[in-house]
Amino acid sequence: MYLGGALLNLNQIQDAFDEALHAIALDGRYAKGYILAGRVCAAREQWEPAQEFFAKAQKLDPRDLDARYFSGRAYYDANRFEPAIEAFEQALRLDADQARIYENLGLAQDALGKFGAAEKSLRKAVDLARGTWRPYLAYGAFLFRQDRAAEGLPVLQQALAIAPGVVDVRFELARLLYHQNSLAEAAKTLEPALASNECRVHNLMARIYSAQGETSRAEAEVKAMERCQAGAAHQ
C-alpha cells in the first residue's frame, strides 16, 4: 500500500493500481488498500469505481478518516459538491483537528456559493495549518475572488514564505499584486515560476510586463505561451 502511494505521487498510475490490488489480494479486509485503489481511479477520473472502493473501505473500517476524506476529494474533482461536503463533514466527525479537511470543505462550499460557510471553514484550516502552505493559499485565493485583495495579500504572502518553490502560490500572489497594480512586486514574485513553463504563468507574466511598458519581454512571454499551448494541444 505504501509503495502504491509513492507510485501514485510519482504519477505512475498503473503501477500504483497494481500495488493497490496486490494489497487487497494479500488482505481483503485491509481498508487502506481499497482507499489507494479509489485514489488511483479518481486520478484516472473513473469516478464511480473510485466511490465504490471508498465505500468498501468505509464498510470495512467505519473509523477510517481517509476513506471519507478522499471520497470527498473525488466528489469535488467530479464537480459533485454536495456529496463532497457531506463526505468532508463525515470526516470531521471522526477528527475535527485536521486542516486539510476544513480546507477542502471550504473549497466545496465556495463552489456552491456558500461564501460565509466557506470562509469559516478556510479560516479554521489556517488556524490548524501548523506550518503547511495549502490552507493559506486556499484562503488567500478565496479572499481575492471575494474582491478582498487587501485582506488576501498577507495570507498569500504567508503561503509564499512557507512554500517559495510552489508555482500555485507564486501565481496567485502575483495575480493579486497585478490586480493592485503593484507591478514590480508582481514581476519579482512570478519570475521564479517561469521555469515551470506553464501556459498560465507565461500569460500573466506577459500582462505584467506589458503593463510595465516592457514590450519586448511581454512579446517573448506571449511567444512562450503560444509554444506552451501548442505543446499542450499535441499531448
Side-chain angles (χ1 to χ4, degrees), residues 9 11 43 45 73 76-79 81 84 99-100 103-116 118-119 121-123 125-126 129 131-235:
N9 290 337
N11 204 35
E45 299 186 358
R73 286 278 303 273
Y76 178 86
D77 289 340
N79 295 322
F81 303 118
R100 61 173 182 160
E103 175 196 339
N104 284 275
L105 174 61
L107 293 173
Q109 291 165 330
D110 181 28
L112 287 177
K114 299 179 179 181
F115 301 129
E119 179 162 12
S121 297
L122 292 171
R123 285 179 63 90
V126 168
T132 59
W133 58 270
R134 289 185 184 277
Y136 290 97
L137 173 61
Y139 186 38
F142 168 82
L143 291 171
F144 178 54
R145 291 193 300 273
Q146 294 293 308
D147 294 323
R148 295 161 61 186
E151 295 174 66
L153 178 60
V155 181
L156 289 174
Q157 287 174 328
Q158 180 62 29
L160 182 64
I162 296 169
V166 175
V167 173
D168 285 347
V169 172
R170 289 192 172 275
F171 179 82
E172 290 296 338
L173 178 55
R175 193 161 66 122
L176 185 152
L177 292 166
Y178 172 70
H179 174 78
Q180 291 186 322
N181 205 36
S182 300
L183 301 177
E185 191 173 353
K188 181 180 177 181
T189 298
L190 192 59
E191 283 170 347
L194 289 174
S196 69
N197 198 33
E198 293 189 18
C199 302
R200 59 174 181 159
V201 174
H202 291 301
N203 183 299
L204 179 56
M205 197 78 256
R207 286 185 283 147
I208 293 170
Y209 284 150
S210 179
Q212 287 180 304
E214 298 190 35
T215 305
S216 61
R217 298 181 78 179
E219 290 175 348
E221 289 305 317
V222 169
K223 291 179 180 177
M225 180 185 66
E226 291 172 347
R227 289 193 299 271
C228 173
Q229 291 172 336
H234 284 92
Q235 288 181 355

Where is the tightest heavy-atom contact between [X] and [Y], given as atom of each residue plus distance?
X: F115; Y: F142; result: O-CZ, 3.6 Å
X: M205; Y: L190; result: N-CD2, 3.7 Å
X: I208; Y: Y178; result: CG1-CD1, 3.8 Å
X: A187; Y: Y209; result: CB-CE2, 4.5 Å
X: E103; Y: A138; result: CG-CB, 3.8 Å
X: P135; Y: V126; result: O-CG2, 3.6 Å

Is the shortest distance from a Lys or Arg side-chain nitrogen in E185 or K188 to a carboxylate oxygen in the other one below 4.0 Å?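 Looking at K188 together with E185, the answer is no, because their closest N to O distance does not fall below 4.0 Å.
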
Considering only NZ, NE, NH1 and NH2 on the basic side and carboxylate oxygens on the acidic side, decide whether R170 and E198 come within less than 4.0 Å.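 Looking at R170 and E198, the cut-off is not met.
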
Is any side-chain heavy atom of H179 closer than 4.5 Å to a side-chain heavy atom of L176?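 They are not in side-chain contact.
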
Taking C-beta and beyond as the side chain, do N197 and H202 meet within less than 4.5 Å on heavy atoms?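 Yes, at least one pair of side-chain atoms sits under 4.5 Å.
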
Distance under 6.0 Å and angle within 45° of ring axis: R175 vs F144: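 Pair R175/F144 does not count as cation-pi.
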
Nearest 0.5 Å, please: how far is [atom2] in [Y] from [atom1] in [X]?
X: W133; Y: L160; atom1: CH2; atom2: CG; answer: 11.5 Å
X: R134; Y: L137; atom1: CZ; atom2: CG; answer: 8.0 Å
X: E119; Y: D110; atom1: CD; atom2: CG; answer: 10.5 Å
X: Q146; Y: R148; atom1: CD; atom2: CZ; answer: 6.5 Å
X: E221; Y: R217; atom1: CD; atom2: CZ; answer: 8.0 Å
X: L153; Y: L173; atom1: CG; atom2: CG; answer: 6.5 Å

Distance only, no hydrogens: is a donor on one side chain within 3.5 Å (strictly under) of an acceptor on the other, for N203 and R207?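 The answer is yes; a qualifying pair exists.
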
Whether the side chain of N104 engages the backbone of R100 through a donor-acceptor N/O pair (distance < 3.5 Å, no angle test) should be reported.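 Yes; at least one donor-acceptor contact below 3.5 Å.
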
Given E172 and V155, is the side-chain contact (heavy atoms from CB on, under 4.5 Å) satisfied, shown in steps? CA-CA 11 Å; E172 290 296 338; V155 181; over 6 Å; no

Give the C-alpha distance, both sets of side-chain angles, the deciding distance and a yes or no for side-chain hydrogen bond (donor to acceptor under 3.5 Å, both in side chains) between Y139 and E151. CA-CA 10 Å; Y139 186 38; E151 295 174 66; 5.3 Å; no

